[in-house]
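Notes follow the structure.
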Amino acid sequence: MSQSEMTRITEIKARACVIRGDDIDTDRIIPARFMKVITFDDMGLHCFEDDRKAAKGLHPLEDERFKGAGILIVGKNFGCGSSREHAPQSLMRFGFSAFVGESFAEIFAGNCTSLGLVCLTLGSDEIETLRESIELEPDQEVQIDVAQATISARTGRLQGEIPAGTRDQLLEGRWDSTSVLLEAGEAIEQTASGIGYIRGY
Amino acid sequence: MSQKGQNLFDKVWQAHKVRELPGGQTQLLVGTHLIHEVTSPQAFAMLRELNLPVRFPERTFATVDHIIPTENQSRPLSDPLAEAMLSELEKNCAESGVTFFGPDQGQQGVIHVIGPELGLTLPGSTIACGDSHTSTHGAFGAIAFGIGTSQVRDILASQCLALARLKVRRIEVTGQLSSGVYAKDVILAIIRKLGVNGGVGFAYEYGGEAIEAMDMEARMTLCNMSIEGGARCGYVNPDEKTIDYLRDRPFSPKGDAFERAAEQWRAVASDPDAQYDDVITLEGEAIEPSVTWGIHPGHNIGVLEEIPTPNRATNEERAGIEEALEYMDLTPGAPIQGTPVDVAFIGSCTNGRITDLREAAKVAQTGHVKEGVRALVVPGSQEVARQAEAEGLDQVFRDAGFQWRQAGCSMCLAMNPDKLIGRELCASSSNRNFKGRQGSPEGRTLLMSPAMVAAAALAGYVVDVREVNSDVAK
């Protein structure tokens with residue numbers, strides 16, 4: 001993603017897909033054997049591959065009713081385990097641009113922000129309400145408002161949370177952090193020059 | 001000069017803060033950047049696309065660990081995909097001036113094993129790597145954490161990260177550990193108590209008598225699995241053991257500079273009246289040798305306990321337990337002892353160091369690997385391998401029927417030829433028992449200490465290591 005492509009992310013409007021279960025780790029999202037490559041290009045092809053095979057056609061990502069969904073509804077501690085950015089890359093390339101869950105693993109959430117993907121957390125009752133609504137009527141379009149940290153579905157508007165720093169990065173188009181960090185200029189070298197193990201003791 | 005009442009995390013954070021960013025994040029200088037072949041090639045490609053140089057090439061260090069075979073490391077590697085990844089890393093390092101510890105130079109190994117042994121991991125430093133087990137380096141009183149590939153790009157370009165400050169939870173382990181109980185059991189007990197997501201938003205500071213008594217390698221095992229409890233980083237305050245370990249390492253300061261550094265390292269430790277966002281206490285004496293029975297590291301019990309029964313669990317836990325038992329094909333209510341194993345794996349960034357191999361060898365020398373069990377010992381680095389061979393441990397393992405391999409990540413995550421096959425069940429000294437983690441989509445993992453893995457290899461099933469060898473942990 002180059003700096004020129006940086007865009008402001010204010011809302012996501014799409015159909016949604018539900019994957020139930022807590023503690024879904026990044027090895028399940030993208031098994032390690034598919035990471036023997038030097039680009040992210042093919043990551044979308046193997047999204048949840050082992051889970052899908054084990055479910056014998058019954059995995060939500062194989063479900064025709066959820067086809068083309070852009071928002072993924074998950075449980076607690078989604079994306080735990082390995083720091084592999086291959087996991088959000090895989091989900092993004094499969095077609096998701098936002099995740100709504102009860103909680104997210106920290107490195108996963110940080111990786112999502114780096115890619116301009118939204119992670120919205122909801123309380124457990126709200127998540128269940130949303131899951132039931134989407135499973136019942138998967139054709140509905142839902143809408144995430146990033147500034148308000150809400151998601152609106154046929155069941156109504158649910159208040160969630162996005163950490164303030166992340167929300168501002170998305171809204172202001174500063175989620176591609178390299179250029180922001182480089183703005184510090186010589187202050188980086190100045191900080192480094194005051195540190196023993198970098199400068200020499 | 002440190003102010004009163006600060007913990008180590010605060011001191012290190014302040015020293016490395018370049019500036020505050022809008023939105024409340026901090027631009028933090030990452031003093032030491034470690035890279036490997038899996039999560040760095042895309043970052044170098046992004047950098048080239050942005051037409052940016054590596055800003056501090058002397059502060060990034062590379063090795064190859066995930067994809068390297070442990071039987072034959074001669075070039076070209078037999079797997080063309082693995083060879084392509086290794087070649088790409090070599091090329092990126094050569095072009096940008098980054099130091100690369102390759103397999104033919106004698107200092108290669110799992111990145112979290114070689115960082116400390118080379119003296120790259122220093123107290124009071126910030127360390128990042130595109131690998132979640134970077135928390136290992138916290139054993140030295142460093143603030144060390146895993147990052148994604150876009151953040152690897154950020155560090156290559158700016159030597160900085162944009163981060164929100166973590167809260168700090170002190171985890172105090174009191175008293176002495178029993179014989180046969182290791183750092184692995186302590187961290188599994190902590191994760192069982194606080195949950196696999198209990199540490200989200202926190203750095204863990206480990207302290208108390210049981211932690212202070214641990215040697216540096218045990219502290220690395222402890223900090224290594226902080227991330228399995230949801231904590232991005234975990235650390236132990238530096239003390240004289242830390243300083244002694246660092247003396248005469250290839251990259252640690254020398255002579256008078258070492259003594260000056262040691263003074264700074266002592267000063268970076270948390271103040272006696274340091275403030276914490278949370279404090280938790282565990283009783284060291286109560287910790288038993290632990291074994292996982294499910295599909296995440298929080299699914300663990302003492303070796304004398306029984307596999308959980310879903311209908312005794314809370315509503316919230318039940319679905320997870322049922323899913324885990326179905327995948328593992330274990331019987332609820334049955335003792336975990338006696339569970340038959342097909343494979344035994346000793347190694348990884350969690351437990352592939354010389355002290356781990358010594359403890360496992362004490363058990364291995366009491367018998368022979370059970371017929372039908374495939375048992376691997378994989379040293380964490382070429383240096384660990386040399387030391388083990390100098391002590392004759394390789395021969396102890398070979399005589400007992402274990403395979404003695406070359407350094408790498410091996411069967412911890414199976415991006416190399418070392419994999420489970422089909423439904424095999426593996427007693428493993430690694431860090432993750434996730435579904436499919438060890439390379440077979442149906443493979444099953446029981447995490448435990450290296451001594452417990454060796455005991456399971458000999459018996460052919462899970463046993464209490466304290467009954468196998470009364471000498472363990474002495």
Side-chain angles (χ1 to χ4, degrees), chain A residues 1-3 20-23 25 27-28 31-33 35-40 50-51 53-54 76-77 80-86 88-89 103-107 110-111 114-115 163-169 172 174 176-178 180-182 184 187-188 191-192 194-198 200-201, chain B residues 15-16 18-19 21-25 27 29 31 38-39 41-42 45 49-50 59 67 81-82 84-85 88 122 125 130-132 146-151 153-154 157-160 162 164 196-197 200-201 230 232 253 257 260-261 264 296 319-320 323 413-415 432 434-437 439 441:
Chain A
M1 198 71 58
S2 76
Q3 284 156 304
R20 287 185 175 262
D22 297 330
D23 305 311
D25 59 77
D27 275 85
R28 284 171 68 182
R33 64 184 183 280
M35 304 193 330
K36 274 207 269 178
V37 285
I38 57 169
T39 72
F40 289 127
D50 291 344
D51 274 17
K53 278 197 179 135
K76 217 183 273 179
N77 200 28
C80 62
S82 159
S83 64
R84 59 188 71 163
E85 188 173 305
H86 305 66
Q89 287 274 358
S103 64
F104 294 92
E106 210 161 307
I107 302 176
N111 286 340
S114 296
L115 299 174
T166 307
R167 182 197 60 206
D168 294 351
Q169 280 177 284
E172 293 162 24
R174 289 185 293 104
D176 182 1
S177 40
T178 306
V180 176
L181 294 168
L182 287 172
I188 297 171
T191 305
I195 294 175
Y197 67 94
I198 300 175
Y201 286 100
Chain B
H16 291 80
V18 175
R19 59 176 184 148
L21 295 170
Q25 290 188 317
Q27 177 161 352
L29 187 77
V38 182
T39 55
Q42 302 87 346
E49 207 178 296
L50 294 168
R59 295 310 311 166
I67 54 95
L81 296 173
M85 293 176 83
E88 183 75 10
L122 297 176
S125 61
D131 193 289
S132 62
I147 53 175
T149 295
S150 294
Q151 290 175 313
R153 170 204 62 198
D154 285 352
S158 71
Q159 206 61 32
C160 292
V196 287
N197 62 353
V200 172
R232 201 169 183 180
R260 286 194 296 276
Q264 294 184 25
H296 67 55
E323 182 190 1
L413 87 167
M415 287 190 71
R432 288 188 175 137
F434 297 155
K435 288 180 177 181
R437 170 75 179 184

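Lettering follows sequence order; numbering is per chain, from 1.
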Revision key, fill the gap. For A:Leu115 and B:Ser150 the tightest heavy-atom approach is CD2-OG, 4.0 Å
Exercise for review: Quick one: which of A:Arg20, A:His86, A:Arg167 has the most heavy-atom pairs under 4.5 Å with chain B, could you say?
Suggested key: A:His86
Review point. Under the salt bridge (Lys or Arg N to Asp or Glu O under 4.0 Å) test, which residues partner A:Arg33, sequence neighbours left out?
Key: A:Asp50
Check your understanding: What part of B:Ile67 lies closer than 4.5 angstrom to a heavy atom of chain A: side chain, backbone, both or neither?
Key -> side chain
Check your understanding: Taking every heavy-atom pair that is under 4.5 Å apart, which of A:Ala54, A:Ala32, A:Gly110, A:Gly165 has the most such pairs with chain B?
Key -> A:Ala32
Review point. Which one of A:Asp25, A:Ile198, A:Asp27 has the most heavy-atom pairs closer than 4.5 Å to chain B?
Key: A:Asp25
Point to revise | Heavy-atom side-chain contact between A:Asp176 and B:Arg153 under 4.5 Å | key: yes
Review point. Do A:Ser82 and B:Arg432 come close enough that some side-chain heavy atom pair is under 4.5 Å?
Key: yes
Practice item. Determine whether B:Val196 and A:Cys80 make a side-chain contact, defined as any pair of heavy atoms from C-beta on separated by less than 4.5 Å. Key: no
Revision key, fill the gap. Counting heavy-atom pairs under 4.5 Å with chain B, the top scorer among A:Ala164, A:Gly196, A:Pro163, A:Ala184 is A:Ala184
**Study point:** Value rounded to 0.5 Å, distance of CD1 in B:Ile147 from CD in A:Glu85
**Key:** 9.5 Å
Exercise for review: Please flag which part of B:Ala45 lies under 4.5 Å from any non-hydrogen atom of chain A: side chain, backbone, both or neither.
Suggested key: neither
Study note, to complete from the structure: Closest non-hydrogen contact found for A:Ala192 with B:Leu29 is CA-CD2, 3.6 Å
Practice item. Return the option, out of A:Tyr197, A:Phe40, A:Phe104, with the maximum number of heavy-atom pairs under 4.5 Å with chain B. Key: A:Tyr197
**Study point:** Side chain, backbone, both or neither of B:Ala319 within contact of chain A (heavy atoms, under 4.5 Å)
**Key:** neither
Exercise for review: Determine whether B:Gln25 and A:Gln169 make a side-chain contact, defined as any pair of heavy atoms from C-beta on separated by less than 4.5 Å.
Suggested key: yes
Review point. Are B:Gln151 and A:Asn111 side-chain neighbours, meaning at least one heavy-atom pair lies under 4.5 Å?
Key: yes
Point to revise | A:Asp168 and B:Pro22, any side-chain heavy atoms less than 4.5 Å apart | key: no
Check your understanding: Sequence neighbours excluded, which residues qualify as side chain to side chain contact (heavy atoms under 4.5 Å, CB included) partners of A:Glu106?
Key -> B:Leu166, B:Val200, B:Arg232
